[in-house]
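Just the heavy atoms: all of them, side chains too, but no hydrogens, waters or symmetry mates, feed the values below.
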There are 2 protein chains.
Amino acid sequence: MAPKQAPVRKPAPELVRDGLRASILAGEFEAGYQLRQDEVAEQFGTSRIPVREALRQLESEGLIVFHPNKGAVVKGLSLEDVLEMLDIRIALETRALKLAIPNMAVEDLDAAQEILDRYDAASEPDAWGEMNWNFHWTLYAPCNKSKLLSMIEANYGHVSRFTRRQVSRAAGKSRPQKEHHELLDLCRQGKIEKAVDLLERHIEQTQKSLQATSRLTDPAR
Amino acid sequence: MAPKQAPVRKPAPELVRDGLRASILAGEFEAGYQLRQDEVAEQFGTSRIPVREALRQLESEGLIVFHPNKGAVVKGLSLEDVLEMLDIRIALETRALKLAIPNMAVEDLDAAQEILDRYDAASEPDAWGEMNWNFHWTLYAPCNKSKLLSMIEANYGHVSRFTRRQVSRAAGKSRPQKEHHELLDLCRQGKIEKAVDLLERHIEQTQKSLQATSRLTDPAR
DNA sequence: TCTCTAAATATTGCATAATTATTTATCCGC
DNA sequence: GCGGATAAATAATTATGCAATATTTAGAGA
């Protein structure tokens with residue numbers, strides 16, 4: 001039997017879902033934007049049926065909201081919502097870190113170190129976000145818990161959609177980066193409790209930065 | 001203007017989704033059971049279109065799995081999967097407890113106490129599960145984080161589908177219940193760190209019980 | 001009897017069509 | 001002009017139908 005490449009044709013609903021999700025997370029739509037079904041259908045070259053299935057999944061993921069008989073709109077998040085998602089980041093990521101540290105290999109630590117070095121060298125704030133996340137992810141991945149990791153990824157995607165530019169600039173680079181180095185050191189030394197505590201404070205710092213910048217942005221609310 | 005009751009008719013996909021989810025979580029289907037679209041549609045008195053939307057949502061929730069061109073089956077979980085979900089319980093619930101304790105009112109503590117008293121009096125293991133969860137929930141609810149709480153609820157639903165009978169019987173009543181009393185005391189005294197630590201160990205205990213009973217159940221694997 | 005193949009059957013996937021709800025436009029009285 | 005009712009247009013929702021894929025059954029040959 002020839003090792004025939006499985007002719008995997010992804011079902012339409014999944015293509016639409018993945019495409020829309022990428023667009024939404026990339027910030028291509030503003031909050032409240034209405035996703036018209038025939039429009040999306042035409043864009044993906046299908047009928048509205050697969051589109052509706054995709055939209056329902058994105059609804060379950062919390063990216064859009066369905067209004068009965070009025071369609072789906074891209075979900076907006078309040079400051080409180082984002083702060084809560086940062087609490088969820090703390091919850092999930094501290095657990096992942098705790099489980100990951102005993103499993104960390106030298107390569108994992110080296111990879112994290114390398115990211116930090118590049119981070120140190122980088123000057124444009126726009127690049128910080130991605131490197132920041134790569135570093136965190138490198139620390140969590142060794143926990144080897146696929147569901148936990150995918151929840152972390154999904155939650156971070158939501159958060160970053162709203163904090164992308166704001167936080168990294170506001171918080172600056174030096175303080176978070178200092179904490180990153182400390183965090184990596186603690187991982188190296190296997191100091192689980194201290195590392196977890198630091199990570200918690202590290203993300204709480206993001207909460208504070210966000211609150212501070214938001215207070216500046218809309219002082220009335 | 002008359003205070004007319006809004007004639008809110010829930011859309012079909014949501015009815016089907018909620019109905020199927022309840023059935024699955026109640027354990028009415030065994031893992032691997034195929035949910036035929038015609039069958040479900042007839043059961044709910046609709047066509048297959050809303051059913052497909054409901055199934056897609058349940059897929060996103062992790063309750064079923066879609067196999068292209070073969071339909072949807074109720075998802076089964078391995079021991080590792082359930083243990084991982086208990087890790088997620090620890091992650092989410094320790095955070096919720098930490099945030100809840102400063103907000104706990106006397107009524108919250110009294111409600112929790114009352115559940116424990118009824119728990120002490122109950123003799124049938126089948127009732128333990130629900131009371132156990134009511135107690136935990138009462139401790140988390142004051143955190144006032146709706147998304148965190150709904151994640152906790154969803155995750156617990158998945159776990160309990162597989163641990164319902166197994167764990168509560170295997171672990172017995174006395175040890176978990178002793179920990180419940182301790183936990184409530186720590187909440188009363190506002191000892192956040194100690195309470196969180198105890199909760200973590202409490203759920204880890206469930207992991208151990210589960211591993212122990214599973215080792216007894218299928219010794220080969 | 002067993003196995004392989006092919007027809008029959010069942011089921012999914014998706015497009016089209018019909019229905020229903022909502023929004024927008026138009027008209028009329030004031 | 002300004003409401004307010006009515007009609008047209010628009011969009012969402014759901015039903016139906018058909019093609020594609022998978023599964024089962026039946027039959028032929030060893």
Side-chain angles (χ1 to χ4, degrees), chain A residues 1-2 4-21 23-24 29-76, chain B residues 1-2 4-21 23-24 29-76:
Chain A
M1 168 82 61
K4 180 165 57 175
Q5 174 81 339
V8 277
R9 223 185 342 155
K10 238 188 184 177
E14 297 182 24
L15 289 172
V16 177
R17 162 170 57 79
D18 293 346
L20 281 182
R21 180 172 43 223
S23 294
I24 293 172
F29 308 107
E30 60 206 314
Y33 179 84
Q34 176 153 19
L35 294 160
R36 276 195 217 87
Q37 296 174 6
D38 39 13
E39 201 172 289
V40 177
E42 190 179 19
Q43 195 179 333
F44 285 88
T46 73
S47 79
R48 294 193 301 277
I49 300 302
V51 171
R52 285 183 62 82
E53 292 178 23
L55 291 175
R56 286 293 181 188
Q57 290 199 278
L58 295 174
E59 183 193 23
S60 284
E61 292 176 20
L63 285 173
I64 68 177
V65 179
F66 256 87
H67 294 107
N69 294 318
K70 304 211 304 187
V73 300
V74 175
K75 188 164 167 181
Chain B
M1 166 90 50
K4 181 165 59 174
Q5 174 82 340
V8 277
R9 219 181 352 149
K10 238 188 184 178
E14 297 181 23
L15 289 172
V16 177
R17 162 170 58 78
D18 294 347
L20 281 182
R21 181 173 42 222
S23 295
I24 292 172
F29 307 107
E30 61 207 311
Y33 180 85
Q34 176 153 18
L35 294 160
R36 277 195 216 85
Q37 298 173 7
D38 287 335
E39 207 171 282
V40 177
E42 191 179 18
Q43 195 180 330
F44 286 88
T46 72
S47 77
R48 283 173 20 225
I49 301 301
V51 171
R52 287 183 60 84
E53 292 180 22
L55 291 175
R56 285 292 182 188
Q57 289 199 279
L58 295 174
E59 183 193 24
S60 284
E61 292 176 21
L63 285 172
I64 68 177
V65 180
F66 257 84
H67 294 108
N69 294 316
K70 305 210 304 187
V73 300
V74 176
K75 187 164 168 181

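Of the candidate nucleotides dT12(C), dG13(C), dT16(C), dT16(C) has the atom lying nearest to any side-chain atom of Ser47(A). You'll find that the side chain of Thr46(A) is closest to dA15(C), out of dA15(D), dA15(C), dT23(D). Closest approach to the Asp38(B) side chain among dA15(C), dT16(D), dT12(C) is made by dT12(C) (side chain taken as heavy atoms from C-beta onward).
Here the CZ atom belonging to Arg17(B) is positioned 10.5 Å from the CD atom belonging to Glu53(B), to the nearest 0.5 angstrom. To the nearest 0.5 Å, atom CG of residue Leu58(B) and atom CG of residue Leu35(B) are 8.0 Å apart. Rounding to the nearest 0.5 Å gives a distance of 11.5 Å between CZ of Phe44(B) and CD of Glu39(B).
To the nearest angstrom, P of dC14(C) lies 10 Å from CZ of Phe66(B). Rounded to an integer number of Å, the gap from CD of Glu53(A) to P of dC14(C) is 7 Å. Regarding Arg36(B), its CZ atom lies at a distance of 12 Å from the C1' atom of dA22(D), rounded to whole Å. Per the geometry, CG belonging to Asn69(A) stands 10 Å off P belonging to dA12(D), to the nearest Å. Counting to the nearest Å, the C1' atom of dT24(D) and the CD atom of Gln34(B) are 14 Å from each other. Remark: P of dT13(D) and NE2 of His67(A) are 11 Å apart, rounded to the nearest angstrom. The separation between Ile49(A) atom CD1 and dC14(C) atom P is 10 Å, rounded to whole Å. When the C1' atom of dA21(C) is taken as reference, atom NZ of Lys70(A) falls 11 Å away, rounded to whole Å.
A donor-acceptor distance shorter than 3.5 angstrom exists from the side chain of Gln34(A) to the backbone of Lys70(A), with no hydrogens or angles considered.
The minimum heavy-atom distance linking Pro13(A) with Ala54(A) is given by the pair O-CB, 3.5 Å. Across every non-hydrogen atom of Asp18(B) and Lys10(B), the tightest pair is OD2-NZ, 2.9 Å.
Contacts of Gln37(B) with the nucleic acid, taken as non-hydrogen atoms under 4.0 Å apart, involve only primed sugar atoms and P, OP1 or OP2. Using a 4.0 Å heavy-atom distance criterion, Glu14(A) is classed as making no nucleic acid contact. Within 4.0 Å of Arg52(A), counting heavy atoms only, lies at least one base atom of the nucleic acid.
For the helix from dT1(C)-dA30(D) to dC30(C)-dG1(D), the axis fitted to the five pairs at one end and the axis fitted to the five pairs at the other end meet at an angle of 10° (nearest 10 degrees).
Looking at Arg48(B), its side chain has no donor and acceptor atom pair within 3.5 Å of the base of dT14(D).
A salt bridge between Glu59(A) and Arg56(A) is present, with a side-chain N of the basic residue lying under 4.0 Å from a carboxylate O of the acidic one.
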